[in-house]
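As a basis for the values below, the full set of heavy atoms in this structure was taken, side chains included, without hydrogen atoms, waters or symmetry mates. Numbers restart at 1 for each chain; the letters A, B, ... are given by sequence-line order, proteins then strands. Keep in mind that what you see is a predicted model, and the values were worked out from it rather than measured.
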Amino acid sequence: MKLKEEVNKVIQTAFQKTGIDAQPINVSEATKPEFGDYQFNGAMALSKELRKNPREIASGILENLDLSGIVSKAEIAGPGFINLWLNDNVIAEKCREAREDKRLGVSKKSAPIKVVVDYSGPNMAKQMHVGHLRSTIIGDTLSNLLEFLGDEVIRQNHIGDWGTQFGMLIAYLEERGEDGSGSLKDLEQFYKDAKKRFDEDEAFADKAREYVVKIQGGDEHCLNLWQKFIDISLGHCEEVYDKLCVRLTREDVKAESFYNEDLPEVVADLAEEGRLKESEGAQCVFFEDEEIPVIVQKGDGGYLYATTDLAALRYRANILGAKRISYVVDARQGEHFRQIFKVAKMSGFVPEDVKLEHVAFGTMMDKGGKPFKTRDGGTVKLIDLLDEAVVKAKAAIKEKDDYSEEEVERLAKIIGIGAVKYADLSINRESNYIFNWDKMLSFEGNTSLYMQYAYARIQSIFRRYRGEIKGSVVITDVLEHRLGVMLLRFEEVLDRAAEDAAPNQITTYLYELVTLFMRFYEQNPILKEGVDEEVKLSRLVLADMTAKTIKQGLDILGIDVVDKL
RNA sequence: GCACUCGUAGCUCAGCUGGAUAGAGCACCCGCCUUCUAAGCGGGCGGUCUCAGGUUCGAAUCCUGACGGGUGUACCA
């Protein structure tokens with residue numbers, strides 16, 4: 001059920017009766033409560049075309065407006081706005097229905113598609129660092145969201161497991177005569193040590209290069225070591241995913257190496273089509289309108305990032321059958337994606353009707369507005385950041401109330417990790433943002449804890465009430481009305497967020513919803529004495545619907561709720 | 001140099017498919033706990049939406065230019 005569409009229809013019908021052939025009708029949410037629930041601004045736009053005063057057009061529509069259904073009141077305001085109020089009874093009934101529905105009244109897409117979401121993509125040679133946070137959680141949210149709306153989502157974790165650094169790592173592993181299980185515990189250190197050897201010892205470096213050739217040539221011994229290394233490394237990533245409550249699994253891994261055999265094919269196919277041109281020894285695809293080409297094969301015959309990405313695009317569109325392929329990758333790679341998308345489309349690697357998008361995001365900055373680093377200038381390990389979030393949450397919880405040790409432990413994880421994720425997801429993904437512990441864990445304003453707190457308060461009402469929550473909704477005041485409308489807008493918010501791949505549209509909505517509920521709850525007693533039974537039941541239903549919406553919304557963001565806080 | 005991107009309250013950010021008097025949170029000031037969790041709620045203070053033009057009935061939003069910040073600019077990923 002899409003509220004907005006229903007309102008659009010009412011206006012549409014009025015237009016038909018008026019005899020005006022209007023373009024697609026699109027009402028928008030009212031900018032202020034005193035302007036009703038929705039507003040229609042089309043009269044002004046039509047005024048020139050029809051050579052009529054916009055207020056005149058508006059009043060023509062008003063005369064033909066059906067006020068017996070979802071819209072119950074309409075007014076002309078200002079230069080020709082039509083403000084629309086929705087019918088209390090209709091809202092009430094829809095809320096009741098939605099609450100009894102598992103999907104909260106959110107319909108599944110009538111024409112679902114296959115979507116590939118490429119996200120996280122850690123490098124197997126190193127620990128995951130804060131730079132991986134955004135890709136991982138934005139990608140996961142987008143996947144959850146599309147899945148909830150009915151699309152078939154194929155998560156793809158394009159891990160970096162192929163390249164010169166692996167020769168170096170294996171050489172070092174060999175040299176130390178270990179099987180890796182011990183020394184790889186601290187991957188970061190292992191990488192650093194190996195790098196040091198590589199830089200200092202020429203013989204070691206040569207050996208490392210030999211290993212690269214061996215791996216790529218399929219040498220069994222080297223491949224075994226390499227595989228072992230990847231397994232351990234992936235295990236580290238999974239530890240992070242687990243902490244982050246991200247739903248990526250090993251099945252979603254489709255590593256760079258997977259496309260290895262297809263790379264010569266990619267180049268050959270491009271050559272066959274006559275798209276390749278040699279330039280300074282490298283094989284390139286040039287564009288008519290751009291100076292810088294895409295290089296698909298180096299002068300020494302090696303392949304590049306772009307080659308692998310083209311192979312991956314082809315695989316995803318043709319073998320996996322995706323109709324939308326979303327890359328959740330740092331904005332700095334915008335140029336790269338713009339170019340390979342162009343090549344993929346013009347070479348026919350990807351059919352015309354497949355939507356390719358770079359879901360770009362900005363960089364995480366420190367307080368001074370510089371890229372987020374440790375004090376000594378290194379990258380901040382993601383696992384350390386998450387652990388710190390939990391520690392800080394723990395401190396905040398202890399300060400507030402006395403819980404048992406296990407309870408503190410459990411809550412701190414949910415709250416701390418939720419805070420990190422929410423703080424990130426609530427920012428418009430394209431802008432850079434300043435990472436700030438104090439703000440993140442201050443738990444005021446638009447934060448995960450505010451949502452979790454509201455959820456817990458509602459659960460507390462139910463614990464006190466004990467009875468079954470069942471009944472119809474009666475709207476008795478303006479806050480109830482607004483809460484009802486807000487709850488019913490959930491679907492259109494999700495649709496739009498999915499379309500724009502914008503998690504912050506969900507957080508903004510949840511924040512507005514919770515703020516509204518807090519006010520409603522403050523002013524409208526539920527279980528207190530003197531509340532009419534029917535009103536009590538109705539308010540319980542609204543409270544329950546609010547809780548369920550918060551839970552569902554946070555679930556899409558990959559954040560848990562707690563029953564008690 | 002060229003390209004992309006951002007510039008909104010003291011701070012951190014929404015809003016950007018054009019709509020009415022530009023919104024939050026923090027900070028600061030004031031009020032609300034013997035009654036459903038005060039990690040809450042209400043009120044106040046705070047803005048020439050970087051600047052200059054343009055398009056439009058209407059511009060924070062679209063276009064052009066300037067200034068300022070960030071990023072990218074062929075054999076890394």
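Atom CZ of A:Phe337 and atom P of B:rU73 are 13 Å apart (whole Å). Atom CZ in A:Phe520 sits about 11 Å away from atom C1' in B:rC36, given to the nearest Å. A:His358 has its NE2 atom 12 Å from the C1' atom of B:rG72, to the nearest Å. Here B:rU71 presents its P atom at 11 Å from CG of A:Asp330, a figure rounded to the nearest Å.
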Protein-nucleotides 30-32 of chain B N/O pairs under 3.5 Å:
none

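Screening residues 297-314 of chain A for salt bridge (Lys or Arg N to Asp or Glu O under 4.0 Å), with sequence neighbours left out, gives A:Asp262-A:Arg314, A:Asp269-A:Arg314.
Nearest nucleotide to the side chain of A:Tyr450, out of B:rG25, B:rC41, B:rG72: B:rC41.
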- request: Give RNA chain B the dot-bracket treatment, 5' to 3': Watson-Crick (N1-N3 with N6-O4 or O6-N4) or G-U (N1-O2, O6-N3) under 3.5 Å, [ ] crossing, | other strand.
  value: (((((((..((((.....[...)))).(((((.......))))).....(((((..]....))))))))))))....
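Applying the ring pair (Phe, Tyr, Trp, His ring centres under 6.0 Å) criterion to A:Phe198, with sequence neighbours excluded, gives no partner residue.
Both geometric conditions, a ring-centre gap below 5.5 Å and a plane tilt below 30°, are fulfilled for A:Tyr521 over the base of B:rC36.
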query: In B/S/- notation, 5' to 3', how is nucleotides 4-23 of chain B contacted by protein heavy atoms closer than 4.0 Å?
result: --------SSSS-B-BBS-S
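A salt bridge links A:Lys2 with A:Asp495; the closest basic N to acidic carboxylate O contact falls under 4.0 Å.
Residue contacts shown for A:Glu256 are limited to sugar-phosphate atoms, with no base heavy atom under 4.0 Å away.
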For a quick test of your reading: what N or O donor-acceptor pairs under 3.5 Å do the side chains of residues 530-537 of chain A make, sequence neighbours left out?
{"unit_1": "A:Asp532", "atom_1": "OD2", "unit_2": "A:Glu534", "atom_2": "N", "d": "3.1"}
{"unit_1": "A:Asp532", "atom_1": "OD2", "unit_2": "A:Val535", "atom_2": "N", "d": "3.4"}

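Taking the centre of each ring, A:His158 and A:Tyr259 come in below the 6.0 Å mark.
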